[in-house]
Amino acid sequence: MKKTLVVGTGNLGKLREMEAYLSDSGWELTPKPPDLDVDETGTTFAENACLKAVEVAKYTSQWAIADDSGLWVDSLNGAPGVYSARYGNTDEERIGRLLRELANTETRQAKFICAIAVANPQGEIIFQSEGSCGGEILYEVRGEGGFGYDPIFYVPEKKLTFAQMSPELKKSISHRGHALRKIIPQLLGVD
């Protein structure tokens with residue numbers, strides 16, 4: 001029988017990505033209750049992931065996993081960073097704002113960062129990990145897949161944006177993939 005792991009997100013894209021990584025882990029993922037909103041008051045990705053995992057675990061009395069992730073752009077001193085999801089009201093607005101702020105800046109190095117936290121049903125953080133994926137920000141959108149900033153996040157080694165990659169390729173190199181792969185062995189050890 002699979003154990004239930006409540007995912008601290010309302011973002012279906014993140015939920016589907018996590019399900020893909022954890023499909024063979026023995027855990028059945030379920031989204032957090034829609035009436036539970038956790039204020040992301042942390043100043044780091046790790047702090048926000050922990051806040052969400054703890055609140056979801058306490059609210060549901062079940063194991064919970066949460067992540068906080070975002071885009072760190074070097075020439076914007078790390079912005080949008082922990083505010084990546086709040087950089088606009090839609091993906092299109094967020095991308096537009098970022099491209100306007102970068103304008104014709106030639107230094108476009110960036111990285112996606114993901115912090116993950118797992119809390120037990122009592123709301124105690126049991127596991128944490130972090131992963132990143134380096135790349136650069138394009139001047140315009142390229143690709144139809146993914147979500148968020150994926151259409152402007154270009155990975156030079158693959159010569160593709162996240163939005164142009166197959167789900168399998170993105171899964172193999174993404175920030176969330178790196179962080180989740182560190183957590184899986186620990187989740188497998190939970191009774």
Side-chain angles (χ1 to χ4, degrees), residues 7-21 38-52 65-117 128-184:
V7 182
T9 187
N11 182 322
L12 293 178
K14 278 187 187 182
L15 179 64
R16 280 192 292 272
E17 276 193 10
M18 282 195 182
E19 285 175 332
Y21 286 104
V38 180
D39 288 330
E40 296 181 22
T41 56
T43 58
T44 66
F45 295 114
E47 285 175 10
N48 283 333
C50 288
L51 282 168
K52 290 188 273 189
I65 186 169
D67 86 323
D68 193 42
S69 56
L71 185 62
W72 176 282
V73 180
D74 293 357
S75 61
L76 297 178
N77 298 316
V82 295
Y83 304 105
S84 293
R86 297 175 289 238
Y87 227 51
N89 293 320
T90 64
D91 287 347
E92 191 175 270
E93 285 181 18
R94 288 184 274 278
I95 288 171
R97 177 178 174 186
L98 182 63
L99 292 178
R100 282 190 305 277
E101 289 180 1
L102 280 174
N104 292 320
T105 305
E106 289 184 24
T107 305
R108 300 178 82 84
Q109 279 72 31
K111 63 184 170 183
F112 268 121
I113 299 171
C114 177
I116 294 181
Q128 290 186 73
S129 69
E130 194 166 292
S132 65
C133 178
E136 55 193 56
I137 303 301
L138 295 179
Y139 290 87
E140 59 190 29
V141 169
R142 202 182 299 166
E144 300 295 320
F147 59 94
Y149 297 95
D150 288 0
I152 57 170
F153 185 76
Y154 182 76
V155 181
E157 300 81 45
K158 302 297 180 186
K159 296 182 175 43
L160 298 167
T161 65
F162 268 8
Q164 293 173 305
M165 293 180 186
S166 68
E168 295 75 26
L169 178 56
K170 182 181 174 188
K171 179 180 166 185
S172 73
I173 66 167
S174 80
H175 51 304
R176 191 166 290 110
H178 290 302
L180 280 166
R181 279 191 289 281
K182 293 175 189 174
I183 288 282
I184 289 170

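Side-chain atoms are counted along with the backbone in the values below, which use heavy atoms only and exclude waters and symmetry mates.
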Starting from the C-alpha separation in whole Å, work towards a yes-or-no answer on side chain to side chain contact (heavy atoms under 4.5 Å, CB included) for C133 and K111.
-> CA-CA 5 Å; C133 178; K111 63 184 170 183; over 6 Å; no
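Taking a 6.0 Å sphere around CD of Q109, one finds it holds more than 12 heavy atoms contributed by other residues, nucleotides or ligands.
The backbone N or O of E17 sits nowhere less than 3.5 Å from a side-chain atom of K171 that would complete a donor-acceptor pair. The backbone N or O of P80 lies less than 3.5 Å from no partner atom in the side chain of R86, so there is not a single donor-acceptor pair. Listed for the Q164 side chain is a donor-acceptor partner under 3.5 Å among the backbone atoms of T161.
The closest side-chain heavy-atom distance from L98 to L76 is below 4.5 Å. Counting only heavy atoms from C-beta outward, the side chains of I116 and E130 never approach each other to under 4.5 Å. When side chains are defined from C-beta on, L99 does not count as touching L138, because their heavy atoms never get closer than 4.5 Å. Two residues are said to be in side-chain contact when any heavy atoms from C-beta on lie closer than 4.5 Å; I183 and Y21 fail this criterion. Counting only heavy atoms from C-beta outward, the side chains of V73 and I137 approach each other to under 4.5 Å. N48 is listed as a side-chain neighbour of V82, based on a closest heavy-atom distance under 4.5 Å. The closest side-chain heavy-atom distance from S174 to F162 is below 4.5 Å.
Taking every heavy atom of both residues into account, S69 and H175 meet most closely at CB-CD2, 3.9 Å. A66 and A49 make their closest contact through CB-O, 3.5 Å (heavy atoms, listed as atom of the first residue, atom of the second, distance). When all heavy atoms are compared, the tightest approach of A103 to R108 is O-NH1, 3.2 Å. In plain terms, the two heavy atoms of S129 and A179 that are nearest each other are OG-O, 2.7 Å. Of all heavy-atom pairs spanning P156 and G135, the tightest one is CD-CA, 4.0 Å. The two atoms that bring H178 and S132 nearest to each other are CD2-O, 3.1 Å, heavy atoms only.
Side chains of E40 and Y83: a donor-acceptor N/O pair is absent below 3.5 angstrom, by distance only. Using a 3.5 Å distance cut-off with no hydrogens or angles, the side chains of T43 and E47 do pair a donor with an acceptor. For T105 and Y139, the side-chain atoms include no donor-acceptor pair closer than 3.5 Å.
Contact check on E93 versus R97 returns no salt bridge, with no Lys/Arg side-chain nitrogen under 4.0 Å from an Asp/Glu carboxylate oxygen.
Atom CG of L169 is separated from atom CG of L160 by 6.5 Å, given to the nearest 0.5 angstrom. Remark: M18 CE to T9 OG1 distance equals 7.5 Å, nearest 0.5 Å.
Every pair passing salt bridge (Lys or Arg N to Asp or Glu O under 4.0 Å) that includes a residue from residues 66-81 is listed here, sequence neighbours excluded: K14-D67, K52-D68, D67-R176.
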Using residues 141-154 as the side-chain source, report each donor-acceptor pair under 3.5 Å to any protein atom, sequence neighbours left out, with the distance given to one decimal.
{"residue": "Y149", "atom": "OH", "partner": "S84", "partner atom": "O", "Å": "2.8"}
{"residue": "D150", "atom": "OD2", "partner": "F147", "partner atom": "N", "Å": "3.0"}
{"residue": "D150", "atom": "OD2", "partner": "K170", "partner atom": "NZ", "Å": "2.6"}

